[in-house]
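Quick notes on the structure that follows.
None of the values given here were measured: they were computed from a predicted structure. Whatever order the structure lists them in is the order used to number ligands and atoms, beginning at 1. Computed over heavy atoms, backbone and side chain alike; hydrogens, waters and symmetry mates excluded. Residues take their numbers from the sequence shown, with the count starting at 1.
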Amino acid sequence: MNSEKILIIGACGQIGVELTLALRQLYSNNQVIASDLRPEVHPLLEGTGSYYTIDATDIKAVAELVQKEKVTQIYLLAALLSATGEKMPMKAWDINMNSLLQILELGVEQKLSKIYWPSSIAVFGTTTPKNDTPQKTIVEPSTVYGISKYAGELWAQYYHRRWGLDVRSLRYPGLISWKSTPGGGTTDYAVEIYYEALKNKQYTSFLSENTYLPMMYMDDAIRGTIELMEAPGEQIKSRMAYNLSAMSFSPKEIAAVIQKHIPNFKIDYAPDFRQAIADSWPSSIDDTGARMDWHWQHRFDLDKMTEDMLRNLSK
Ligand code: NAD
Ligand code: SER
C-alpha cells in the first residue's frame with residue numbers, strides 16, 4: 001500500500017470528489033493525485049493533495065503526468081453521463097471510449113498495478129429482464145452512454161485476458177450524494193429532490209411517479225469501490241463490471257419518505273426526454289456475484305439515506 005501512487009481522472013465530479021477524499025484517508029494525501037478538465041473544486045480545494053488540470057483524452061499529457069508522479073494506479077472517472085450523452089452522442093463516445101482505450105494502453109506500457117473504470121446500469125436495455133436483473137443477461141443498451149459502457153467492459157476484459165492488466169469495474173446504480181452535485185444523468189432527480197424539498201418545499205420530477213430505478217447512497221458506492229480495488233486479485237472472478245445494488249425506489253416513494261421529515265413538501269411530474277432513458281433501464285439489480293466474490297454489503301436504505309441527506313444538506 002505504501003508504494004502505491006494513485007491518479008484520479010475526473011476528480012471534480014459527483015463521485016470523484018468523495019473518492020479522492022476517501023482514498024487520501026486510506027493512503028495519504030501525497031499518494032493520491034486529483035485531476036480534471038475543470039479547475040479544482042471545493043472540498044478538494046482545502047489543500048488535501050496535489051491537483052492537475054488535464055484532459056483525459058490527451059494521452060500525451062496523461063502519460064507525462066504518470067511518469068512525472070510515478071503513478072501506479074489510475075481511477076478513470078471522466079465521462080459524459082446518460083442525459084448529456086444523448087445531447088452530444090459523438091462527444092460522449094469520444095470522451096468515454098477514447099479516454100478508456102488510451103489509458104488501458106498506457107496501463108500496459110507503464111505496467112500500472114491497477115486501473116479502476118466505472119460502468120453503469122445503463123449497459124442494460126429494453127430487452128433486458130427488468131426486475132432483479134442478473135449479472136449476465138441480454139445486454140442491448142439504447143443510449144450512447146450505455147453503448148460506451150458495455151464496449152468499455154468488453155475492452156477491460158480483453159486487456160485483462162490479453163495483457164494481464166488488472167482492470168476492475170462496477171455497474172453503479174444511480175448515486176445520491178450531498179458533498180458534490182451530479183453531472184447530467186437520468187438518476188439526478190433523486191439528488192435534486194432533496195435540495196428542492198429543503199429550499200422550496202416543492203419539486204417537479206422529470207421522471208414519472210412510478211418509475212422505479214436502482215439507486216445507492218454515495219457512502220456505500222465509495223466503500224464498495226475501495227473494497228473492490230483492495231480485494232485480492234483471485235477474488236475478482238468477473239472482469240466485466242460487477243452488478244452492484246442497494247435499493248430501488250420511484251419518485252413517488254422518495255417523495256413520501258421526504259414528507260415524513262418535511263410534511264408540507266409537494267411533488268408533481270413533468271416527464272421529459274430522460275423518461276425514455278429511465279424506461280430502458282432495470283428497476284432493480286441482482287448483485288449476488290459482488291456479494292459472493294468480494295463480500296459486498298450495502299448499508300443504506302431509502303429511510304437511512306433520506307435522514308442523512310436532509311441532515312447534511314440542512315447544514
Ligand atoms: P460527473 O459528471 O459528476 O463527473 C465527471 C467529471 O469528469 C467532471 O468533473 C468533468 O469535469 C470530468 N471530465 C469530463 N470530461 C473530461 C475530460 N475529457 N478530461 C478530464 N476530465 C473530464 O460524473 P460522476 O457521476 O462523478 O461519474 C463518474 C463515473 O462514474 C463516470 O464514468 C460515470 O459514467 C460513472 N457512473 C456514475 C453514476 C452516477 O450516478 N453518478 C452511475 C453510474 C456510473
Ligand atoms: N446515474 C447515471 C446516469 O443517470 C447512471 O449511469 O447517467
Between ligand 1 and the protein, which N/O pairs fall short of 3.5 Å?
residue	atom	partner	partner atom	Å
ligand 1	3 (O)	Q14	N	2.8
ligand 1	9 (O)	G13	N	3.2
ligand 1	9 (O)	D36	OD1	3.4
ligand 1	9 (O)	D36	OD2	2.7
ligand 1	9 (O)	R38	NE	3.1
ligand 1	9 (O)	R38	NH2	3.0
ligand 1	11 (O)	D36	OD1	2.6
ligand 1	11 (O)	R38	NE	3.2
ligand 1	18 (N)	D55	OD1	2.9
ligand 1	19 (N)	A56	N	2.7
ligand 1	21 (N)	L37	N	3.3
ligand 1	26 (O)	Q14	N	3.1
ligand 1	26 (O)	I15	N	2.9
ligand 1	32 (O)	K149	NZ	2.8
ligand 1	34 (O)	Y145	OH	2.6
ligand 1	34 (O)	K149	NZ	3.0
ligand 1	40 (O)	L175	N	3.0
ligand 1	41 (N)	Q14	OE1	2.9

Show me the short polar-atom pairs for ligand 2: any N or O of it lying under 3.5 Å from a protein N or O, with distances only.
residue	atom	partner	partner atom	Å
ligand 2	1 (N)	T187	OG1	2.7
ligand 2	4 (O)	S82	OG	3.3
ligand 2	4 (O)	T186	N	2.6
ligand 2	4 (O)	T187	N	3.2
ligand 2	4 (O)	T187	OG1	3.4
ligand 2	6 (O)	S120	OG	2.6
ligand 2	6 (O)	Y145	OH	2.8
ligand 2	7 (O)	S82	N	3.2
ligand 2	7 (O)	S82	OG	2.6

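Two residues are said to be in side-chain contact when any heavy atoms from C-beta on lie closer than 4.5 Å; L26 and E230 meet this criterion.
A side-chain donor-acceptor contact under 3.5 Å links S82 to the backbone of T186.
Taking the side chain to side chain donor-acceptor pair (under 3.5 Å) definition, one finds that T211 meets it with S208, Q275, sequence neighbours left out. Partners of K237 by side-chain contact (heavy atoms from CB on, under 4.5 Å), not counting sequence neighbours, listed by chain and number: Y242, D293.
Between Y75 and Y116, the ring-plane angle classifies as tilted under the 30° and 60° cut-offs. Using cut-offs of 30° and 60° on the angle between ring planes, the pair Y159 and W163 is tilted.
Dense packing is recorded around NZ of K130, with more than 12 heavy atoms of other residues, nucleotides or ligands lying under 6.0 Å away.
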Worked verdict on Y217 versus K304 for side-chain contact (heavy atoms from CB on, under 4.5 Å) | CA-CA 9 Å; Y217 199 35; K304 196 170 164 197; over 6 Å; no

Given E307 and R311, is the salt bridge (charged side-chain N to carboxylate O under 4.0 Å, His left out) satisfied, shown in steps?
-> CA-CA 6 Å; E307 274 172 37; R311 185 165 37 81; over 6 Å; no

